[in-house]
There are 2 protein chains.
Amino acid sequence: MKDKVSVGYIGLGIMGKSMARNILKAGFPLVVHNRSRRALEELVSEGAKEAHSPAEVAEQVDIVITNLPDSPDVELVVLGEKGIIDSARKGLVFIDHSTIKPATARKISETLGAYGVMCLDAPVSGGDIGAQRGTLAIMIGGPEEAIKIARPVLEVEGKTITHVGGAGAGQIAKAANQIMVAAQMVAMAELLVFAKKAGADPRRVVKAIQGGAAQCWTLDVKPPRLFEGNRQPGFKAYMQAKDLGIVMDTAREYGIPVPSAAVHTQLFNAMLQLGMKDLDNSGVIGVIEKLANTVLLET
Amino acid sequence: MKDKVSVGYIGLGIMGKSMARNILKAGFPLVVHNRSRRALEELVSEGAKEAHSPAEVAEQVDIVITNLPDSPDVELVVLGEKGIIDSARKGLVFIDHSTIKPATARKISETLGAYGVMCLDAPVSGGDIGAQRGTLAIMIGGPEEAIKIARPVLEVEGKTITHVGGAGAGQIAKAANQIMVAAQMVAMAELLVFAKKAGADPRRVVKAIQGGAAQCWTLDVKPPRLFEGNRQPGFKAYMQAKDLGIVMDTAREYGIPVPSAAVHTQLFNAMLQLGMKDLDNSGVIGVIEKLANTVLLET
């Protein structure tokens, strides 16, 4: 049997840490790098090797993965000082699980591609739970050849691995994903406040509708947390707002009117202004509560 | 074993016909009444008995069911000439599967209740497919005692039967349901046009995202029809628009701002203006196509 490919992981946030852990548990040699030390030390204690720069990660591995908050973070780690680009070489596979602008993904693919690096923009969906359980949906833009090499690793990170198209196509799919996710979060917020204020029990309303045409992951997973008074992430509101910014930027770039996503962008921006940026994206109900001058749970 | 309760069914539309047929197949004696004769004759040929007015249906059965387009239709069939009210008596169970205003449901419950009729507002969700397969979600407002009597019938019509609360609570749940359904339909429309115009294959984008946090019945069921160029109902756009009208009326009545549902109401109203009222609710993509000056499928 062939030795397992070695993997480097840069960015150990809520999602990245769980995904890196699953790679480690599956027996892949793992080198990690992270800005804050806590998650890094956790993984080192579990058997990962520490590296002190993105370049130092990339030079030691077959596949280097990033999982970072936003487009500038990925640009810095890849193209900045001691960046992945310093260890760029033919045959290296670069996978970016971050959610960034499709245009940035294409730029990075072109820049690293000039050195023979094969790049996959491979954002994910499925939340912290999906990251922990390895059941994420992974949507990929980039060359088939790189997916073939990376597949054993991708398969421990996620359950649904879909090759969407060329460079940037993974990010377009992710933006499309966020159009739907934001719509569901806001609709859930509106319908819970609607039920509450119209005099029905929101718990029973959720139970009544989650088996019909309204069925969705959002209604399956989020209401139990909300009914416990828990609005902790999960997926942070400011990340949802950032992703909606990508949707709106990309929509403008290509000339795509998205009236509903535009409203959701405004409501998540309001959430940030209301001091709720670190809450879960389901916490957008806080904005509707403000507008309706009510609260979901009586105290 | 006790004899099966006898059932009357008034309103044999897309949903009603399939639901009535499931009741008949399950062996309940069935009396039917319908404005247009075609569906009625179909069910009569399968063993149902015809009645010539709502009153004539109600006088012959233990449970009388209505499944009609809108609030005025239900008022007419229940309270109008030769209406159910003419056969109102203690112990009769009245079930309304229509989606109507919660306020109208409460008014009917009070009016028939004065004669000893037990009323359930019991709108459904799950589309034509759910109606055919008997997998609908049924959301109920009204007395527990009536649900107990009706349960054997409800269980052949649907899979999830939820008692939400008192009179009108079923309709509040259905309005909540429509807030989510409309959001998903519009989000699906926006993300498909977004993917198309940004240069990704919409089919692959759907495949990529339907296993993640965006997962929903809408993304499972509707895209295959859209990709075949099929925008036939299913659930007609003008019914979706009518249901959103109920959402907006009820939201205003109770003082509930619903900014996202308001936009979706506008988009479905636009769909009607664009001559698409008889298309499936997923056909709201036609409005986004118009706005974006593109089409999902090249011809």
Side-chain angles (χ1 to χ4, degrees), chain A residues 102 124-127 130 136-137 139 159-160 162-165 169 172-173 175-177 179-181 183-184 186-188 190-191 193-195 197-201 204-205 207-209 211-219 247 250-251 254-261 263-264 267 288 291-292, chain B residues 102 124-127 130 136-137 139 159-160 162-165 169 172-173 175-177 179-181 183-184 186-188 190-191 193-195 197-201 204-205 207-209 211-219 247 250-251 254-261 263-264 267 288 291-292:
Chain A
V124 303
S125 179
L136 294 168
M139 40 209 88
K159 194 178 60 177
T160 321
T162 310
H163 188 196
V164 181
I172 291 167
N177 183 78
I179 290 174
M180 180 57 83
V181 169
Q184 291 176 353
V186 172
M188 177 173 67
E190 289 187 355
L191 76 86
V193 170
F194 178 93
K197 247 192 141 175
D201 178 347
R204 294 201 198 172
V205 167
K207 190 163 170 289
I209 70 175
Q215 184 282 325
C216 55
W217 183 90
T218 297
L219 277 182
V247 168
T250 308
Y254 288 96
I256 312 159
V258 281
S260 177
V263 168
H264 304 146
L267 292 171
I288 306 298
L291 294 175
Chain B
V124 303
S125 179
L136 294 167
M139 40 209 89
K159 196 178 62 177
T160 320
T162 310
H163 188 196
V164 180
I172 291 167
N177 183 78
I179 290 174
M180 179 58 82
V181 169
Q184 291 176 353
V186 172
M188 177 174 67
E190 289 188 355
L191 75 86
V193 171
F194 178 94
K197 248 195 141 174
D201 178 347
R204 294 201 199 173
V205 167
K207 191 163 170 287
I209 69 175
Q215 183 280 326
C216 55
W217 183 90
T218 297
L219 276 183
V247 168
T250 308
Y254 287 97
I256 312 159
V258 282
S260 178
V263 168
H264 304 146
L267 292 170
I288 306 298
L291 294 174

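Proximity to chain A is limited to the side chain of B/V263, based on heavy atoms less than 4.5 angstrom apart. Proximity to chain A is limited to the side chain of B/T160, based on heavy atoms less than 4.5 angstrom apart. Interface remark: B/V164 contributes backbone and side-chain atoms alike to the contact with chain A (heavy atom separation under 4.5 Å). For chain B, the nearby parts of A/I172 are the backbone and the side chain; heavy atoms of each come within less than 4.5 Å. Neither the backbone nor the side chain of B/L136 has a heavy atom closer than 4.5 Å to any heavy atom of chain A.
Annotation for A/A198 and B/I256: closest pair N-CD1, 4.3 Å, computed over non-hydrogen atoms. Between B/F194 and A/V247, the closest heavy-atom pair is CE1-O, 3.7 Å. Shortest non-hydrogen contact noted between B/I288 and A/P257 is CG2-O, 4.0 Å. Residues B/A208 and A/A137 share a closest heavy-atom pair of O-CB, 3.6 Å. Contact record, A/A213 with B/S125: N-OG, 2.9 Å, taken as the closest heavy-atom pair.
Side-chain atoms of B/E190 do not come within 3.5 Å of backbone N or O of A/I179 as any donor-acceptor pair.
The CD atom of A/Q184 lies 8.0 Å from the OG1 atom of B/T218; values are rounded to the nearest 0.5 Å. Taking CD of B/Q215 as the reference point, atom CE of A/M180 lies at 10.0 Å (rounded to 0.5 Å). Atom SG of B/C216 is separated from atom CG of A/L219 by 10.0 Å, given to the nearest 0.5 angstrom. Interatomic distance, CG of A/N177 versus CG of B/L191, reported as 8.5 Å (0.5 Å rounding). Summarising the geometry, atom OG1 belonging to A/T162 is positioned 4.5 Å from atom NZ belonging to B/K207; distances are rounded to the nearest 0.5 Å.
Interface check for chain B: of the options A/A200, A/A169, A/G255, the most heavy-atom pairs under 4.5 Å are formed by A/G255. Listed options A/I209, A/V181, A/L267 were ranked by heavy-atom pairs under 4.5 angstrom with chain B; first place goes to A/I209. Options A/G199, A/S260, A/A183 differ in how many heavy-atom pairs under 4.5 Å they form with chain B, and the most are formed by A/S260. If you tally non-hydrogen atom pairs under 4.5 Å between each of A/G211, A/A173, A/A214 and chain B, the highest count goes to A/A214. Annotation: maximal heavy-atom pairing with chain B below 4.5 Å, among A/G165, A/G126, A/A195, occurs at A/G126.
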